[in-house]
Every structure is written in C-alpha cells, then in structure tokens.
Number of protein chains: 2
Amino acid sequence: MNILISSAGRRVKVVQYFKENLNEVNGKVIAVDCDIKAPALYFADEKDIIPRVDNEYYLEKLLNICKKYKVDAILSLIDPELEILAANKKVFDELNIKLILSSLEMLAIGYDKQATYEYLFEKGIPCVPTFNKVEIVERKIEQRLLEFPFIVKPQRGSASIGIEIANDLEELKKLFAKEDNLIIQPFYKDKEFGVDVYVDLIDGHLVDFFIKEKISMRSGETDKSIAIHNREISSLIRDFVVETNFRGQIDIDCFEYEGQYYISEINPRFGGGYPHAYEAGVNFMKYIIENLNDRVNKKYTSYNYEAGNIMMKYDNVKLI
Amino acid sequence: MNILISSAGRRVKVVQYFKENLNEVNGKVIAVDCDIKAPALYFADEKDIIPRVDNEYYLEKLLNICKKYKVDAILSLIDPELEILAANKKVFDELNIKLILSSLEMLAIGYDKQATYEYLFEKGIPCVPTFNKVEIVERKIEQRLLEFPFIVKPQRGSASIGIEIANDLEELKKLFAKEDNLIIQPFYKDKEFGVDVYVDLIDGHLVDFFIKEKISMRSGETDKSIAIHNREISSLIRDFVVETNFRGQIDIDCFEYEGQYYISEINPRFGGGYPHAYEAGVNFMKYIIENLNDRVNKKYTSYNYEAGNIMMKYDNVKLI
C-alpha cells in the first residue's frame, strides 16, 4: 500500500510516522511539495515536486505522480489543498485512489469560521460565538450577553495568523474595518486545548482521540503541550463526532472559559501538534491503513494514553 | 573534560554536537536552564536547573552545579548571560573553570548596536551605519549621504525582534519616538549572510569560519540557508578578527548592499544557524576542546567546507 502526502512541507514527523507504519506492511510513503527545499520530502520513501495548488497544471502533475508511484491513497497537510482534492474526488475514484479526508461539504465548513459556528450551533455543540457584523456584537453587548475583550480574525485561514484584540467598541470597529472577511469572537480563552481526533473513514464512528493542553506557542504552532484526560472535553468530542460528518484525522481547537468548554476551530487534517499524540501512543496511521484495507476500526471506548506527559518541540536540521 | 552549557533552551543540536565530541575524549556535557521544559536539557549527559539570570541566587546555584559535576569550562547560548559570566571571571578563575567567551569589554560592544558601529567604524571595518539621533540621519539625508528606507530597531537585543521600516521622515520620527533606546540604520539588505567564526581562545587568531546566505527566516532565526564561498566576506572576516579582540565562537550577520558587504551585527556566541556549519564539517567543538587542553589551534588557511549545500530546519519532538 502506497500513501501520498501532499504539501508535506516541514511536517517531517508525520512523514516518518507513515513511513514506519507503511514499511511494516511493505508499503511506501510518497511525499510531494511545490518547494524542493521542503524538509519532509527527504524523509519519505519517494519524493516529487508538484506545482502550487493554484497552478493550472497542479492536478495533472499530481495525477501523473500518483500513477508513477502506484499511489493507493492521498492526503494533504495544508488547508487550501483539502477542498481541491475533495472537489476532484471523481477523478481520484476512477484511478482507484482513496482520499483520506472529509467530504467537500465538511471541509468548506471547517475552513470558514463563521460557517463552523453556525453549523455547530445548529447541532447544539458548544462553539465560540462568531459574528461577521459589528452591529450584532454591539446589540449582544447592550443586552449584556457578551462583553469585551473581543478577537478580530480572518474568517478563513489558520489559527493564530492575523489575530487582534479589541478592548472597546471604537477599537473593535477600527480593527473590523481594516480588511474584508473578518469575524469577531469573544475572547474565550482561559485555557487552550488541541484535540487530535480520528473518525473511521468507512462508517464514521469515533475511533480515538488525544487531548493536550497547549502550554506555549511558536510561529503559530503548539511548541509545548501536556497530555490530559478531561471528561467535559471527551464528552464534547463524542457529541461532535455523532452530530457531524467529518472523517479521518481531525485537529480540533478548544477553549476553556469560566469552566465551560467551547470548540474554537476545526482543522480537518493532521494538526501541527499531532506528534504529541503519536509519541504518546495514539497511532492514527494504523487506523488509516486499517481503513484503506477496507476494515472498520474498533469503536472508541476509553483513553489510549497516559495523562501528564509533556511534549517539547525543538529544531533539527537536514542538509541537501 | 566536562563542559557546562548554560541557558541551553531549544538548542538541542549544539548540546548534541558537544556530547559527540566530548564523549570521544571521556568528557561530558552538562546542560542547564531555568526552565525544566527546555528540550536541550534532555540531550546532555547531565542536566540541572538554575534560577533566571536576574535572580539573586543565580550565580550561587550555577557555581554549585559547576562543583557538583566537576565542570572544567562554561559557555552560554543567550546574550544577557554572557556579560554576567564575564563579569564574574575571577570567581570562575578561582575554581579553575574556563569561560568559553569573549572579554566583558568585547561582549558589551557586541550587545550594543550603536557601540558595534562606532567600534568597527574606528577600526575601518565596513559596518551598517547606525545612529541614535534622528537629527543626524536628517542631516545625512540632506547631504545625500543616505536615503530612505531606514530601519528602526532596539539598540540592544537580537536581530529581528522589534524591527520596523520607515519610508519617510514623518514615519521615521514617529517610529523612533515610540520607545527609548532605539537606533536607526539604512535598509542595507539586498542579501543577508550569517558567518560562524571561531577565534582561538588562547592567542586570538582566526581558526575557521563558515559563510551561509540566509534563504528564509522563521521566529527570528535562519530556517533555510545555503553554504557559500565569497572572497569579499572572507576578507571582511579576516580583517575583523585581526582588528578586534573577540574570542571563541562568534556569529556575525552581514548584509550585501549594492555590491558592498557590511557587518550588521556581532553575536559573541553560537548563532541559531550554527548547525549548518557543523553538518557541513566545520566543527567548533573540536577547536574548543583543543583550546581547553591548552593547545593552540592551527591558523586558518582556506575554506574547510564545500559551497552549495542547503540546510533546512524542521521540528522534532521529545516527550518527558
């Protein structure tokens, strides 16, 4: 079995984990990226270069690589590529290549924070309130339903890029007017958690998850985290998987605020903090291989990791 | 021989390189940091915790650790600690512990960008012009000696923290008035280079150096770089070592601007990009061990590395 990881970038550990697990079953990992200087390329069994996802030859080149290396399944590590792959599901189906990702509909919801909120709200899943009009926020403040500070951030895109904090109405209006497609959220962050979730690709049940509290960030990614067990978050994740239709590996950000837990973001792909889960024994690669062999994974029963271990990231180097 | 690395932080590679070289001669590396979650601690032969450098018990605790692990020599990886160690040279001398760093006088010059400029200017070493008064810059602009854009940055501290660009006089005045202790430099950056230099600790001659062009940055550190040979930079470095009194491992930042080369910063310690030099064969640890054995290193004759190889950094993880 050969799995292609697209836009592998700096995600060396994810490539290594796939290689470990695939090599055991005589499979290979093929890493591709648009940059020959993407370190993860150099840790795969095979590597190749693709054009950027917005290039007109992107899909053609990717399909040629899939044929060349007899690829059985494909996943991507960056948000903008997920929807492109899902939108071309038919093309991949015809070549008998499985997509290790959620449906186009679910990906679109995850990519758009306003849509995430509206979707989860409707399903009754606690989520950080999200608004794309200042007037609505103003009314909620008057009604004493919400209070300052608020966060202003892009409606699409990853967690900590372009986030600003507004402490009063004047500041909120100014920040919100700066750009198009911004959203407003109350600053609901006493503690921040990342949850790595695996949903069975075949029948959509919860297979496993790993909860970590984020201790420190660097370049917008979790730099240090601690593994925790938490009944409320576990229950939130179980409800989330039952009520939604995401599939495969998902990275969910949660905030604790005044003792309540809220989902703040859904990234329907391996998150930057996944190595913590894997090193603690939560092996999504095995679940993926099982699913690709047309076997359903066992349903989740209880934590498959110890609480309390701390993950620290550090720099390694590779010369080419 | 036992070497203590203070404020080891995230610098796992530096600790590993020392361990490799010291273990060969039955020596040990002892890593200390004020944070138990500093990843580099976990790659040393021995680890211990010290208070922060501004804590009143810092020196006492550090000296106790030196005695406990029979430390022969000590170095630090962070700027604020270098001067504290050098200022206490007598205390370390009495315990027969060598400091692997420059003199207090030289450290003070390296830490202060205004002092760096004035010192190098006096020695005739090309350096990015640096000013701590807007009026001087205004006069130079009127005299057509300098032109916009300019950079405004803190007089002390590391490279890319708090840097802002001014495109006109109004902006320059506003940025400069924002804080105390800022300096102004012309934006001299067509290309940026990092040079790792080793100056013999015993007699101050140039032992070796490694030149890399910086390709991309991340979190204020070099993320990707390419090894180069460059006659002008080589000549600049040779002159620099002859004219100044720095010692041991030094990280020098250089800019190319309109075909000329200028020193922009001197960090009298291992720079964040040093792993590129080591992996390319430029082993400062061997030179340090040689010096600590009271042997002078061979004088520099020519490049000890191939040009063209590219270093890429990537994240690794460690669980504790």
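By convention in this document, chain letters (A, B, ...) are assigned in the order of the sequence lines, proteins followed by strands, and residues within each chain are numbered from 1.
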Is any NZ, NE, NH1 or NH2 atom of the basic residue among A:Lys214 and A:Asp253 found under 4.0 Å from an Asp or Glu carboxylate oxygen of the other? yes

Tell me whether A:Lys286 is salt-bridged to A:Glu24, with the criterion being a basic N under 4.0 Å from an acidic carboxylate O. yes

Counting heavy-atom pairs under 4.5 Å with chain A, which one of B:Lys13, B:Lys37, B:His276, B:Gln16 comes out on top? B:Lys37

Heavy-atom distance under 4.5 Å to chain B: side chain of A:Ile226, backbone, both or neither? neither

Looking only at atom types and distance, does a side-chain atom of A:Lys61 sit under 3.5 Å from a main-chain N or O of A:Ile49, one as donor and one as acceptor? yes

Which atoms of A:Phe43 come close to chain B, meaning under 4.5 Å heavy atom to heavy atom: side chain ones, backbone ones, both, or neither? side chain

Let me know if B:Ala280 has heavy atoms under 4.5 Å from chain A in its side chain, its backbone, both or neither. both

Cut-off 4.5 Å, heavy atoms of chain B, and the answer for A:Ala227 is neither

Segment of A:Lys224 engaging chain B (4.5 angstrom heavy-atom cut-off): side chain

State whether B:Glu46 and B:Lys28 are salt-bridged, where the test is any N-O pair (Lys NZ or Arg NE/NH1/NH2 against Asp/Glu carboxylate O) under 4.0 Å. yes

Answer yes when B:Asp45 and B:Lys19 have at least one side-chain N-carboxylate O distance shorter than 4.0 Å, and no when they do not. yes

Of A:Val12, A:Asn316, A:Val317, A:Asp315, the largest count of non-hydrogen pairs under 4.5 angstrom with chain B goes to A:Asn316

Electrostatic pair B:Lys212-B:Asp196, nearest N-O below 4.0 angstrom: yes

